[in-house]
Amino acid sequence: MAQWEIVIGLETHTQLTTASKIFSGSSTAFGAAPNTQASVVDLAMPGALPVMNIGAVERAVKFGLAIGAKINQRSIFARKNYFYPDLPKGYQISQFETPIVQGGGLTITLDDGTTKFIELTRAHLEEDAGKSVHEQFDSESGVDLNRAGTPLLEIVTEPVMRSGKEAIAYAKTLHNLVRYLDICDGNMQEGSFRCDVNVSVRPMGQKEFGTRREIKNLNSFKFMQQAIDYEVRWQIEQIEDGKKIVQATVLFNPDTGETRAMRSKEDAMDYRYFPDPDLPPLVVSDEMLARIKAGMPELPEAKCSRFSSQYGLSHYDALLLSQDGATASYFETAVNSGADAKLVANWILGEVSATLNREDKTIEQSPVNAVRLSNLVARISDGTISHKIAKTVFEALWSGEAASVDAVIESKGLKQISDSGAIEKIVDEVLEKSAAQIADYKAGKEKALMSIVGMVMKASQGKANPAQVNDIVRRKLA
Amino acid sequence: MSLSSQDIERIAHLARIRVTPADVLDVQAKLDGIFKLIDEMQAVNTQGIEPMSHGLDMVLRLRDDVVTEIDHREKYQKNAPQAAEGYFLVPKVIE
């Protein structure tokens with residue numbers, strides 16, 4: 001059997017976070033009643049003309065700068081012509097020959113720690129189409145044009161990915177980046193970040209690409225992985241059975257885990273692009289470019305290396321904390337409120353993440369905000385409470401039982417006992433009942449000591465300072 | 001360049017314009033005339049001249065990112081042949 005090489009390229013439609021549409025003053029807010037955010041421009045009423053939104057331009061430029069691309073300071077809008085009811089003008093305004101962003105790329109990190117640079121072809125501005133609903137009415141389709149005219153940045157890679165894993169890693173890296181830059185909210189359920197994946201296979205060593213099929217509109221990383229895996233297996237089987245791959249657009253069905261070709265329309269590819277006479281060239285002035293450059297946020301890679309050098313975190317911890325902007329800012333807010341950075345990192349990556357995952361919440365929704373976590377960690381550092389008790393306090397804060405760390409410690413009487421007289425008294429009581437363990441310890445079993453310490457901790461209801469207990473028990477048994 | 005009757009049918013289909021067989025010859029002659037005009041323009045030496053993408057030598061005006069439109073659904077849908085539950089209705093289209 002021949003060895004096959006997989007070739008993948010991605011096109012990602014990212015909805016930009018502008019308040020208004022790309023060519024009209026309608027709102028872009030998600031979830032409004034049908035057609036309540038569709039103006040004459042969005043409805044393609046005769047005589048209505050598009051007027052470009054500066055916010056969309058700024059976001060596109062921001063993206064281009066972040067990926068080291070060439071910003072075309074003069075770019076052109078074109079009409080992409082096709083007929084569908086959710087596209088009332090009969091064409092989509094897009095960019096064809098001269099996109100605003102050209103080239104550049106992203107570095108992805110795979111699970112095994114290796115990195116790869118993914119070259120981008122281009123990123124261009126365009127308008128989204130409306131939405132059709134087919135189930136709601138018996139013999140008609142319904143059209144909602146609220147989404148029509150929402151600004152999109154379509155980000156296109158070269159066909160440089162060689163496995164489904166690389167494609168997913170790229171999509172996730174891009175997803176993080178656009179949220180970092182605050183140009184797209186990244187909400188995949190609401191369709192703010194949609195991926196089309198071009199897949200082909202070729203015998204290892206062959207120079208020419210195989211015929212590609214395009215999997216449309218994948219809106220989760222899990223589906224993307226499943227769709228690519230299925231598509232690759234299907235294409236290899238076809239070729240090994242002596243059949244040819246026909247270029248096609250396919251849809252992924254999450255229920256069956258299969259991809260299926262859409263009914264191919266003969267003329268579908270003939271979009272007859274031409275420059276839109278309604279829109280003269282888009283010019284990004286030097287002044288605008290400089291202004292956007294000056295306002296660029298720190299990017300994930302830079303943040304990661306700063307986290308490890310400034311706070312002494314391991315590379316791995318720094319990577320996890322810098323991957324998304326919300327987590328990074330939670331971390332820095334907590335550290336700036338005075339807590340130990342490494343302890344804060346451990347808490348975020350441990351207890352906080354685990355609880356958020358369990359309750360399916362994002363860090364912005366965490367009932368324990370960064371300042372409270374900082375207070376909690378500070379109480380561990382200054383010896384007021386132990387790690388174990390801190391978890392109890394954390395749970396109380398999470399459930400909203402009390403508003404402040406100190407209030408929880410106070411009301412539950414959780415303050416650590418560091419008075420050695422008090423601890424000694426408890427140790428004595430425990431030792432009296434632990435003849436067997438004492439004998440074991442004296443016979444050289446270190447474990448027996450741990451069991452005694454455990455009993456002391458239990459007797460103190462977890463409040464004794466564990467280090468002190470350890471010392472006292474050792475001293476008494478010496 | 002001159003167009004065949006198949007070209008005319010294809011162009012008409014892409015534009016969703018009905019051209020009856022009786023009209024094909026007429027349309028063909030008109031489009032050929034346009035292409036002749038283009039041929040004439042192609043003959044002009046434009047070497048060294050930067051192509052324009054727009055007939056006017058001006059740049060795109062940009063507006064601030066502000067919502068200025070309000071909901072006029074009821075008014076706008078009076079123009080539609082059919083609407084229900086806020087949707088515009090069209091003959092069923094399923095891919």
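Numbers restart at 1 for each chain; the letters A, B, ... are given by sequence-line order, proteins then strands.
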If we ignore hydrogens and angles and just use 3.5 Å, is the side chain of A:Asn35 paired with the main-chain N or O of A:Ala38 as donor and acceptor?
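No; zero donor-acceptor contacts below 3.5 Å.
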
Hey, does the side chain of A:Ser285 reach the backbone of A:Met288 with a donor-acceptor pair shorter than 3.5 angstrom?
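It does hold such a pair.
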
Of the non-hydrogen atoms in A:Ala56 and A:Leu125, which two are nearest, and what is the gap between them?
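Looks like O-CD2, 3.7 Å.
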
Give me each pair satisfying salt bridge (Lys or Arg N to Asp or Glu O under 4.0 Å) with a member in residues 288-297 of chain A, each pair once, sequence neighbours excluded.
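Output for this query lists A:Glu58-A:Arg291, A:Glu287-A:Arg291.
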
Using only non-hydrogen atoms and a strict under-4.5 angstrom cutoff, which residues of residues 82-89 of chain B touch chain A?
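Listed by number: B:Gln82, B:Ala84, B:Glu85, B:Gly86, B:Tyr87, B:Phe88, B:Leu89.
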
Rounded distance [0.5 Å steps], NE2 in B:His72 versus CG in A:Leu43:
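If I round to the nearest 0.5 Å, the distance is 11.0 Å.
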
Report which part of B:Val66 has an atom under 4.5 Å of a heavy atom belonging to chain A: side chain, backbone, both, or neither.
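The answer is the backbone of B:Val66.
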
Other residues, nucleotides, ligands: >12 heavy atoms within 6.0 Å of A:Glu97 CD
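12 or below, so no.
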
Selection from [options] maximising heavy-atom pairs under 4.5 Å formed with chain B:
options                              : result
A:Ile76, A:Val133, A:Leu145, A:Thr36 : A:Thr36
A:Val57, A:Leu282, A:Thr28           : A:Leu282
A:Ala33, A:Ser139, A:Ser24, A:Ser132 : A:Ser24
A:Gly130, A:Ala78, A:Gly55, A:Gly142 : A:Gly142

Would you check if B:Arg73 and A:Pro34 make a side-chain contact, meaning some heavy-atom pair closer than 4.5 Å?
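SC-SC contact between B:Arg73 and A:Pro34 confirmed.
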
Quick one: sort the A:Phe96 and A:Tyr273 rings into parallel, tilted or perpendicular, breaks at 30° and 60°.
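Aromatic pair A:Phe96/A:Tyr273 classed parallel.
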
